[in-house]
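Worth knowing before you read on, the calculation uses all heavy atoms, side chains too, and leaves out hydrogens, waters and symmetry mates. So that the names make sense, note that chain A is the first sequence line, chain B the second, and so on, each numbered from 1.
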There are 4 protein chains.
Amino acid sequence: MLHDDQDAREDHAVGGIAADRLRSIIERVERLEEERKALSGDIKDIFSEAKSAGFDVKVIRQIIRIRKQEPAEVEELETLLQIYKRALGM
Amino acid sequence: MLHDDQDAREDHAVGGIAADRLRSIIERVERLEEERKALSGDIKDIFSEAKSAGFDVKVIRQIIRIRKQEPAEVEELETLLQIYKRALGM
Amino acid sequence: MLHDDQDAREDHAVGGIAADRLRSIIERVERLEEERKALSGDIKDIFSEAKSAGFDVKVIRQIIRIRKQEPAEVEELETLLQIYKRALGM
Amino acid sequence: MLHDDQDAREDHAVGGIAADRLRSIIERVERLEEERKALSGDIKDIFSEAKSAGFDVKVIRQIIRIRKQEPAEVEELETLLQIYKRALGM
DNA sequence: CGTGCTACAGCATAGC
DNA sequence: GCTATGCTGTAGCACG
């Protein structure tokens with residue numbers, strides 16, 4: 001029967017190759033997310049250690065943030081330079 | 001001299017052990033954040049692959065979310081949702 | 001000189017009409033963004049009120065989301081979710 | 001009966017007062033979200049106008065972003081000053 | 001039309 | 001327990 005054949009093909013697509021593919025995708029993502037979570041845990045541990053050593057965690061976070069932003073700021077300045085050049089028709 | 005010793009100790013605290021400790025903390029965190037960012041990139045790549053293979057990424061995300069939750073929790077939210085819907089005549 | 005004329009015209013463009021136009025654009029956008037931010041604050045306040053009244057904010061958000069979507073769309077995503085779940089034997 | 005009374009009160013809570021409260025919350029949020037969306041539309045219109053006038057929208061966005069960040073940067077510098085004072089035991 | 005990017009909102013967590 | 005903050009996910013927008 002056509003209808004059954006369609007179902008069979010669809011089921012196959014779902015239960016066979018594509019399902020394997022889907023499962024693979026999901027499991028790989030879940031694995032990577034676990035690793036990512038583990039790294040977050042490691043980071044958290046370091047901050048705990050820092051706190052125990054008497055550092056101000058909030059301030060350390062800010063330093064890290066600033067260190068990250070600096071390259072961006074360089075780029076921003078560069079862009080602003082371009083803006084002004086453009087405004088001057090250079 | 002005591003004063004010099006104090007200065008030495010203070011300088012030491014800033015330029016030596018504590019400063020080194022601080023630097024170590026910051027660099028380790030930065031390193032871990034980089035790794036974490038790399039993992040996020042990997043995850044993104046898998047979703048791109050999934051999309052190319054014809055899967056609906058949003059739905060896959062939803063499945064991963066569900067798999068992460070406790071079944072009881074899912075049930076509870078669902079129940080509450082039904083209650084609210086009823087209250088609104090939906 | 002042609003070059004001076006160009007400079008003159010360009011300077012005018014920067015210091016005169018175009019610059020004013022640019023300033024106007026920026027200030028109008030900033031004003032609208034402020035208003036938008038204020039509305040976000042109002043929304044947040046309502047959710048705080050809801051929480052205080054014993055409602056589950058997350059569920060309320062979900063209801064609002066559902067009400068925004070086309071019923072057909074909801075159905076479609078749900079169907080796809082079921083297909084994927086079946087494929088995974090969930 | 002106490003049990004019935006409880007049920008009555010609970011039912012009332014769902015179908016009566018609380019339901020009204022819930023509906024009110026939802027409708028107010030939806031209204032505010034609409035207004036917010038309208039503002040986003042207005043902003044978009046201004047950018048369209050800017051583009052038509054020959055401005056580079058991306059650059060304008062960046063200028064707005066920078067104008068927003070500047071106060072934050074002042075605060076960051078202040079915080080850094082505190083950090084260094086702290087590092088020096090002042 | 002699709003794809004990548006930016007920016008915004010929601011969620012979770014950690015600190016007070 | 002609530003508030004504040006940072007991270008993640010989603011959605012809208014610009015570009016090819």
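Scanning for salt bridge (charged side-chain N to carboxylate O under 4.0 Å, His left out) contacts around C:D42 gives an empty result, with sequence neighbours left out.
Side-chain atoms of A:S24 and A:R28 form a donor-acceptor pair, as typed in the model, at a separation below 3.5 Å.
D:L39 places its CG atom 16 Å from the C1' atom of E:dA7, with the value rounded to the nearest Å. Atom CD in A:E75 sits about 14 Å away from atom C1' in E:dC5, given to the nearest Å. At whole-Å resolution of the value, CD1 in D:I43 and C1' in E:dC8 are 11 Å apart.
Each of B:K68, B:R67, B:K44 was checked for a salt bridge (charged side-chain N to carboxylate O under 4.0 Å, His left out) with A:E33, and the lone residue meeting it is B:K68.
Going from atom CG of C:L39 over to atom CD of D:E34 covers 11.5 Å, rounded to the nearest 0.5 Å. Expressed to the nearest 0.5 Å, how far CD1 of D:I66 lies from CZ of D:R61 amounts to 14.0 Å.
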Notebook entry, point to check: In the 5'-to-3' direction, what one-character label does each nucleotide of nucleotides 7-16 of chain F receive under the scheme B = base within less than 4.0 Å of a protein heavy atom, S = sugar-phosphate only, - = no such atom?
Noted result: S-SSS-S-S-

